[in-house]
Amino acid sequence: MSKENLKGMSRRSFIGMGAMAAAAAGVAGLAGCAPTANGNASATDAAGTDPAAQGAGASDVHIHNVTDTSWMTPPAEVTEFATEIDCDVVVAGMGYAGMCACRELAEQGKKVVMIEKQPEDSFAAVGNEFASLNAAILKERGVPHIDPVEFYQNFMKITSNMPNPSLVMKFAQNSEANSNWYLDQLTDDDFASMTTAFFPPTEHQMSELSGIKFWASVCSFYGQECNQTKIILSNKAAAADKGAEFHFGTTAEYVIMENGAVAGLVAKDDSGYIKVNSKAVVIACGGMGGNPDMMAYFMPDMAQALAGNDALTSMSANDGRGVQMAYWAGAHLETTPVAGMNMKGLAVPGKMNCLPQAVWIDESGKRFANEYYPTSEQRGYQTVFMSRKTKYAVVDNNFTDYRQYTLPQHAGFTANEENISSLRESLDTAYAKFKGTYEEPEQTEEEGPGGHGPMTQVEWIADDTLEGLASQMGLSGDAVTEFVAQMERWNGYCDAGVDEEFGRAKEVLFPVKDGPFYACTFDPVLGETMVTMGGIITDGEQNALDANYEPIPGLYVSGNDCGRRFGTEYVTPIPGCSLAFALVLGRECGKSVAKFLG
């Protein structure tokens with residue numbers, strides 16, 4: 001490693017893109033056409049004008065609400081460096097995918113440099129649990145075996161066969177071995193703090209609904225003693241023991257391309273720019289949740305559906321740099337909407353998707369969907385295309401029994417005695433308030449309703465009659481009449497065992513007959529996602545593909561920057577698929593890069 005300033009990197013060594021990206025920026029919203037690498041391209045045309053600016057000036061129409069595509073334009077070439085590093089491969093992003101790729105490469109004897117933007121002393125992983133097919137710790141606890149091919153077939157059915165089949169099958173076939181490897185640094189005390197969400201199953205927990213299968217096969221690390229941050233750092237230590245080099249507080253800037261192949265990466269820390277010379281780069285920077293402009297481009301289905309106070313937002317602060325870097329290097333952008341996590345569904349006070357046992361009612365007093373569509377993340381599709389007026393979930397006094405018919409999935413409910421008792425207390429509180437007999441208890445530290453999923457505590461309203469409940473819900477006039485008639489039809493469907501309106505499965509038809517009756521409200525606010533899940537098209541080796549779907553030598557993309565792992569929405573036939581796909585395919589990416597390096 002040299003500390004002297006390095007100058008004069010040739011234009012040919014730069015990103016390998018330039019004008020094509022700027023020109024594409026003028027075609028806001030036409031997602032999918034990655035540029036052809038062109039080492040002599042310039043960000044301006046012969047007249048010195050910016051093609052992107054010319055395109056933007058042609059029309060004030062914003063396709064799919066895309067208003068800014070400046071991210072498509074590569075940064076200026078860096079020619080002065082504070083440091084230069086030589087290695088076999090550089091990994092950008094120390095999340096689950098990046099860390100697993102890094103460790104695998106180090107264990108195969110490759111010289112690896114890891115670039116991570118978080119400071120080392122405050123590094124924190126995002127997430128708590130991951131799905132696993134047949135991990136050793138799950139077998140020890142009695143979790144049933146999952147056939148990888150059966151998982152694959154079920155996953156592709158849920159996602160309409162849209163994901164890259166090689167990636168999904170690679171996940172299924174390697175989940176067991178890679179889960180064990182990822183956890184192999186843990187002690188018995190660490191494992192003692194691990195829980196297994198939805199296992200053992202409660203009495204009425206289902207494993208299949210309407211032909212879609214679900215498995216309670218989860219490694220959950222919510223404890224202070226051992227969490228995902230600790231596990232990732234234990235993998236870091238294993239990689240460091242094999243020679244991996246780590247640079248914290250360092251941002252990846254762009255990929256260096258020479259003659260259409262990767263030649264390294266430019267990064268930056270407090271001392272200045274760093275030039276990392278390598279034959280391969282693994283991009284695993286965690287998606288684009290912190291970049292609304294990129295979200296609008298890659299999620300046109302949601303961007304175009306926004307109304308009222310809706311906005312594209314995310315819990316993630318990741319700015320999409322990984323996708324940008326791959327694109328500037330010539331990689332093909334995803335052509336279909338990128339999946340969000342729990343993005344499609346009413347959002348306040350939690351996800352309406354989390355109450356599938358209820359009857360969902362709109363402002364006119366009518367049902368509008370199959371409330372218990374099996375995959376929770378897909379239940380909310382219909383609400384995207386409805387008014388943003390308040391919607392309601394309606395139940396009767398037997399809801400504590402019906403609530404127990406649940407599925408092991410993200411947004412599921414753990415129907416144990418404690419959580420059912422808490423639900424009963426919430427309903428009884430609502431009824432006491434209705435009767436005027438409620439007395440406010442002394443304030444104590446309270447927990448949520450339990451379970452696993454994006455659901456906050458619900459405040460119920462109650463009434464002795466459906467007409468009275470309708471009034472409390474804010475319905476009036478014809479809407480009250482329609483509501484009462486709707487509930488009568490619904491109870492008829494339950495008696496007959498056939499939902500003639502929306503086809504809800506017979507085993508989850510729960511009548512609303514026995515008072516008191518209860519409802520909770522959901523005020524539609526759409527556009528929020530926990531994280532984004534894609535951006536760049538790769539092959540089955542996670543090698544980024546160019547505009548002609550040919551692999552770009554040395555450029556690999558994994559984790560939430562890697563496209564075509566889900567459909568247009570995240571799904572969880574096992575809770576924790578996001579982390580699971582990242583860590584399992586992250587290691588597989590490392591294997592692919594090691595094979596490329598030879």
Side-chain angles (χ1 to χ4, degrees), residues 1 83 85 87-130 132 135 137 177-187 189-191 193-194 219 221 223-252 265 267 269-270 274 276 278 280-286 318 321-322 542 556-561 578-594 597:
M1 184 184 300
T83 307
I85 304 169
C87 64
D88 296 320
V89 53
V90 56
V91 179
M94 205 179 90
Y96 300 92
M99 186 64 257
C100 289
C102 174
R103 178 183 166 189
E104 175 63 27
L105 284 157
E107 290 179 345
Q108 290 207 34
K110 308 305 179 185
K111 186 174 182 181
V112 191
V113 170
M114 167 66 77
I115 302 297
E116 168 54 41
K117 67 181 180 181
Q118 292 188 69
E120 184 171 13
D121 59 1
S122 59
F123 174 84
V126 177
N128 302 287
E129 62 187 15
F130 66 91
S132 177
I137 185 62
N178 292 2
S179 296
N180 293 337
W181 172 83
Y182 175 68
L183 298 173
D184 68 5
Q185 306 297 303
L186 302 190
T187 66
D189 287 341
D190 292 330
F191 280 119
S193 71
M194 187 193 102
C219 297
F221 290 91
Q224 294 297 318
E225 298 84 0
C226 183
N227 53 30
Q228 294 292 349
T229 298
K230 179 176 181 177
I231 300 172
I232 285 185
L233 291 177
S234 74
N235 279 270
K236 170 188 174 291
D241 286 345
K242 297 296 183 179
E245 182 178 322
F246 292 83
H247 293 257
F248 289 91
T250 304
T251 59
L265 181 86
D269 64 11
D270 290 341
I274 304 167
V276 186
S278 65
V281 170
V282 176
I283 294 174
C285 297
N318 293 328
R321 193 62 163 193
Q542 296 171 81
Y556 293 80
V557 183
S558 194
N560 279 345
D561 292 330
S578 174
L579 270 59
F581 269 67
L583 71 91
V584 172
L585 293 180
R587 187 187 187 194
E588 294 307 301
C589 182
K591 294 176 183 178
S592 297
V593 176
L597 293 171

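Everything quoted here is computed from the prediction, not taken from an experiment. The basis for the numbers below is simple: all heavy atoms, side chains too, and nothing from hydrogens, waters or symmetry mates.
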Taking every non-hydrogen atom, the tightest pair across Y182 and C100: CD1-SG, 3.8 Å
Nearest 0.5 Å please: distance from the NZ atom of K110 over to the SG atom of C102. 14.0 Å
Of all the heavy-atom pairs spanning V282 and A101, show the shortest one and how long it is. CG1-CB, 4.3 Å
Yes or no on ring pair (Phe, Tyr, Trp, His ring centres under 6.0 Å) for F130 and F581, after CA distance, side-chain angles and deciding distance? CA-CA 9 Å; F130 66 91; F581 269 67; over 10 Å; no
Once the angle between the rings of F191 and F221 is folded into 0 to 90°, is it parallel (under 30°), tilted (30 to 60°) or perpendicular (over 60°)? tilted
Can a side-chain donor-acceptor contact be found between N178 and E588 if the only test is distance below 3.5 angstrom? yes
Rounding to 0.5 Å, atoms CD (Q228) and SG (C219) come to a distance of 9.0 Å
Rounded to the nearest 0.5 angstrom, the CG-OG distance for L183 and S132 is 7.5 Å
Under a 4.5 Å cut-off applied to non-hydrogen side-chain atoms, are T83 and I85 in contact? yes
Salt bridge D184-R103, side-chain N to carboxylate O under 4.0 Å: yes
Rounded to the nearest 0.5 Å, what separation is found between the CE atom of M194 and the CD1 atom of I231? 9.0 Å
Using the test side chain to side chain contact (heavy atoms under 4.5 Å, CB included), find all partners of K117 that sit at least two apart in sequence or belong to another chain. T251, N318
Any Lys/Arg nitrogen of E107 or K242 sitting under 4.0 Å from an Asp/Glu carboxylate oxygen of the other? no
Answer yes or no: is there a donor N or O on one side and an acceptor on the other, between the side chain of T250 and the main chain of F248, under 3.5 Å? yes
For residues R587 and M99, determine if any side-chain heavy atom of one lies less than 4.5 Å from a side-chain heavy atom of the other. no
Restricting to side-chain hydrogen bond (donor to acceptor under 3.5 Å, both in side chains), what partner residues turn up for N180, sequence neighbours left out? none
If you round to the nearest 0.5 Å, how far is CE of M94 from CD1 of I115? 12.0 Å
Find out whether D190 and K230 are in side-chain contact, i.e. whether some heavy atom of one side chain is under 4.5 Å from a heavy atom of the other. yes
Of the non-hydrogen atoms in G98 and V91, which two are nearest, and what is the gap between them? O-CG1, 3.6 Å
Among all residues two or more places apart in sequence or in another chain, which pass the side chain to side chain contact (heavy atoms under 4.5 Å, CB included) test with A280? V89, V593, F596, L597
So does L585 get a backbone contact from the side chain of Q542, meaning a donor-acceptor N/O pair under 3.5 Å? yes
Identify the two heavy atoms, one from A582 and one from Y96, that lie closest to each other, and give their separation to 0.1 Å. CB-CB, 3.8 Å
With side chain to side chain contact (heavy atoms under 4.5 Å, CB included) as the criterion, how do V112 and E245 come out once you've worked through the C-alpha distance, each side chain's angles and the decisive distance to 0.1 Å? CA-CA 6 Å; V112 191; E245 182 178 322; over 6 Å; no
Is the closest side-chain heavy-atom distance between D269 and I274 below 4.5 Å? yes
Go through it in stages, so that I can follow the logic: the residues are E116 and F246, the test is side chain to side chain contact (heavy atoms under 4.5 Å, CB included), and I'd like the CA-CA distance, side-chain angles, deciding distance and then a yes or no. CA-CA 8 Å; E116 168 54 41; F246 292 83; over 6 Å; no
Exam field: side chain Q118 to backbone A124, donor-acceptor pair closer than 3.5 Å: yes
Side-chain contact test, heavy atoms from C-beta onward, threshold under 4.5 Å: evaluate it for C87 versus V276 and give yes or no. yes
What are the two closest heavy atoms between Q108 and A594, and how far apart are they? OE1-CB, 3.3 Å
Just so I know, are the side chains of F123 and I232 near enough to count as touching, which here means a heavy-atom distance under 4.5 Å? yes
Would you give the length of the straight line joining atom CG of L186 to atom SG of C226, rounded to the nearest 0.5 angstrom? 5.0 Å
Give me the atom names and distance for the closest heavy-atom approach of L265 to A252. CD2-CB, 4.0 Å
Would you check if S558 and I283 make a side-chain contact, meaning some heavy-atom pair closer than 4.5 Å? no
